[in-house]
There are 2 protein chains.
Amino acid sequence: MRRLRAVTTRVEQRRRTETRILTAARQLFGEQGFDRTTIRAIATRAGSDPGLVMRYFGSKEKLFAQAAAIPADGPIEGSPEQIAEQLVAALTEKLADEPAAALAALRAMFTHPEAAEEVRAAMTAQQRQVAAQLSGDDALVRSGVIGALTLGLVISRHLVRLDGLDASPEELMAVAGPLLEKLATG
Amino acid sequence: MRRLRAVTTRVEQRRRTETRILTAARQLFGEQGFDRTTIRAIATRAGSDPGLVMRYFGSKEKLFAQAAAIPADGPIEGSPEQIAEQLVAALTEKLADEPAAALAALRAMFTHPEAAEEVRAAMTAQQRQVAAQLSGDDALVRSGVIGALTLGLVISRHLVRLDGLDASPEELMAVAGPLLEKLATG
DNA sequence: TCATTCGGTCTACATGTGTTGACTGAAAAG
DNA sequence: CTTTTCAGTCAACACATGTAGACCGAATGA
């Protein structure tokens, strides 16, 4: 303990390396999905080694679970008008910049069962909140269409890079916002 | 040639086997995507042999290209109201039953570059037609949102099986139809 | 100063997969 | 009847990948 302070301590070095690996994993999972992303590629991009990746994260599955954890959305509640307002705000944010972890989950959800469950859970949670506050016997369908529209826009912009969706979030919401209002208010 | 007629002729047998393989491939590609679908699994489901699959289709890539070919949509043209009407008709059909080949392409597009190009091409084609007929300087954005909404609904229903989207196509279109009209007419 | 921990590197193994080629038997052709 | 073609089967190969374990050297702690 009575030593000259090392330039970087050991725990800090460990933390940095883990972060580099996790960042590289998020990027690659988001770009290529789960199956096409190899432990070796992650290690290379992180400037590290496949063996370390395994030692630190246990397995490719566990690494993915950590890298593709979707941050929970805030609660949605209030009158239909307030609901619409909150939906617009949430979607605007998702269009501006969706976190890399969420993009990784979205990319992988179509081929990776656990990623599918992750996204389903997140979407279902929001959907139930919305449906509970809406009136009308088609509330469930409308909340479903809200989810589908949200999913479609986020995917089309960040993953598919569809023509016309590379506009600014404001321009997009000028078009999509009224749709959400219509769906929320009936 | 002067023989008793065989129960099934050779060319016919060949055609049948090819069809069984193609059907099995479409199903599996649609259920699990490209990477997780193995030639062996396709052969097994088709009641055939991996070697035959290769001989008949050349490679896994070529088989996928044949299995995941998206049928082209009909032309879309006319006034904004007519455009809306045609969009509603097209989407209703996609919600009722999307062909297995299209589902395979949609499932694989997020991880398989050629599948992505396939879907992009189909969507871009329709999108250009729509954008050309719409008025307003946000025509491109609106056509993009139309595409995103369509994609979101089809994916959410057939691939993600989102809550609330298992309703009948009519119920869904009762909610989504007005959105398309709004997008088309501005 | 000495022993221990631990981040990092390298090698190797087991497994699954696309793909190839040899082989068989029956249908087709003469 | 003889030869040729070809659908179908089987075994094997080359390769990539997840994963485990041995090993090294520096930071750590007494």
Side-chain angles (χ1 to χ4, degrees), chain A residues 1-22 24-25 28-29 31-68 108 111-115, chain B residues 1-22 24-25 28-29 31-68 108 111-115:
Chain A
M1 180 206 272
R2 203 33 41 96
R3 275 293 184 73
L4 271 176
R5 188 54 158 283
V7 185
T8 60
T9 173
R10 201 138 73 170
V11 285
E12 190 179 355
Q13 185 63 16
R14 160 84 181 236
R15 197 186 52 78
R16 286 187 188 174
T17 303
E18 272 186 355
T19 303
R20 288 206 321 276
I21 292 174
L22 209 50
L28 286 169
F29 284 138
E31 292 166 11
Q32 316 182 340
F34 181 83
D35 294 314
R36 284 174 126 91
T37 299
T38 70
I39 295 284
R40 285 166 172 80
I42 293 172
T44 299
R45 178 170 297 198
S48 181
D49 180 275
L52 261 203
V53 176
M54 294 302 299
R55 176 125 52 95
Y56 287 170
F57 293 91
S59 70
K60 187 182 177 184
E61 288 288 350
K62 289 179 186 166
L63 171 57
F64 178 76
Q66 280 200 43
T111 44
H112 193 291
E114 294 194 36
Chain B
M1 180 208 270
R2 204 34 38 97
R3 274 293 184 71
L4 270 176
R5 189 56 156 282
V7 184
T8 60
T9 174
R10 203 139 69 170
V11 286
E12 190 179 356
Q13 186 62 18
R14 160 83 180 238
R15 198 186 52 76
R16 285 186 188 174
T17 302
E18 273 186 353
T19 303
R20 286 204 323 274
I21 292 174
L22 210 49
L28 286 170
F29 284 138
E31 292 167 11
Q32 318 181 339
F34 181 82
D35 294 313
R36 284 172 126 90
T37 299
T38 71
I39 295 284
R40 286 167 172 80
I42 293 172
T44 299
R45 179 171 296 199
S48 183
D49 180 275
L52 259 202
V53 175
M54 294 302 298
R55 175 124 57 92
Y56 287 171
F57 293 91
S59 70
K60 188 184 177 184
E61 287 288 350
K62 288 179 185 166
L63 171 58
F64 177 76
Q66 280 200 45
T111 44
H112 193 292
E114 294 195 36

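Keep in mind that the numbers below use all heavy atoms, side chains included, and drop hydrogens, waters and symmetry copies. Chain letters run A, B, ... following the sequence lines, proteins first and then strands; every chain starts at 1.
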When rounded to whole Å, the CE to P distance for the pair Met54(B) and dG8(D) reads 16 Å

Is any side-chain N or O of Gln13(B) closer than 4.0 Å to OP1 or OP2 of dG8(D)? yes

Mind checking if Arg14(A) touches a base, just sugar-phosphate, or nothing, with heavy atoms under 4.0 Å? sugar-phosphate

Nearest-nucleotide check on DNA chain D, Arg10(B) vs Thr17(B); residue mapping nearer the 5' end is Arg10(B)

Separation of Asp49(B) atom CG from dT19(C) atom P, in whole Å? 15 Å

Just how far, in rounded Å, is P of dA7(D) from CG of Leu52(B)? 8 Å

For the side chain of Tyr56(B), starting at C-beta, report the closest nucleotide among dG8(D), dT28(D), dG18(D). dG8(D)

Glu12(A) CD to dT28(D) P, in whole Å, measures 11 Å

At what distance, to the nearest 0.5 angstrom, does CZ of Arg36(B) lie from CG of Asp35(A)? 4.5 Å

Is there a side-chain contact between Val11(A) and Arg15(A) (heavy atoms, below 4.5 Å)? no

Taking 4.0 Å as the cut-off, does a side-chain nitrogen or oxygen of Thr9(A) come that near to OP1 or OP2 on dT28(D)? yes

Close side-chain approach of Glu31(A) and Leu28(A), heavy atoms under 4.5 Å: yes

Starting at atom CD of Glu18(A), determine the distance to atom C1' of dC6(C), rounded to an integer number of angstrom. 13 Å

Contacts of Phe34(B) and Val11(B) projected onto DNA chain C by closest heavy atom; the upstream (5') one is Phe34(B)

note: Leu63(B), atom CG; dT17(C), atom P; distance rounded to Å ~ 16 Å

Tell whether Arg40(B) reaches the base of dG16(C) with its side chain through a donor-acceptor pair below 3.5 angstrom. no

Which whole-number value in Å describes the distance from Arg55(A) CZ to dG7(C) C1'? 7 Å

Would you kindly give the CZ-to-P distance between Arg15(B) and dA27(C), to the nearest whole Å? 18 Å

Met54(B) and Ser59(B): which non-hydrogen atoms are nearest, and at how many Å? CE-CA, 3.8 Å

Side chain of Thr38(A) only, heavy atoms from C-beta on: which candidate in dG18(D), dC6(C), dT19(C) is closest? dG18(D)

For the residue pair Tyr56(A) and Thr17(A), establish whether any side-chain heavy-atom pair is separated by less than 4.5 Å. yes

Touch class at under 4.0 angstrom, heavy-atom based, for Phe57(A) against every strand present: nothing

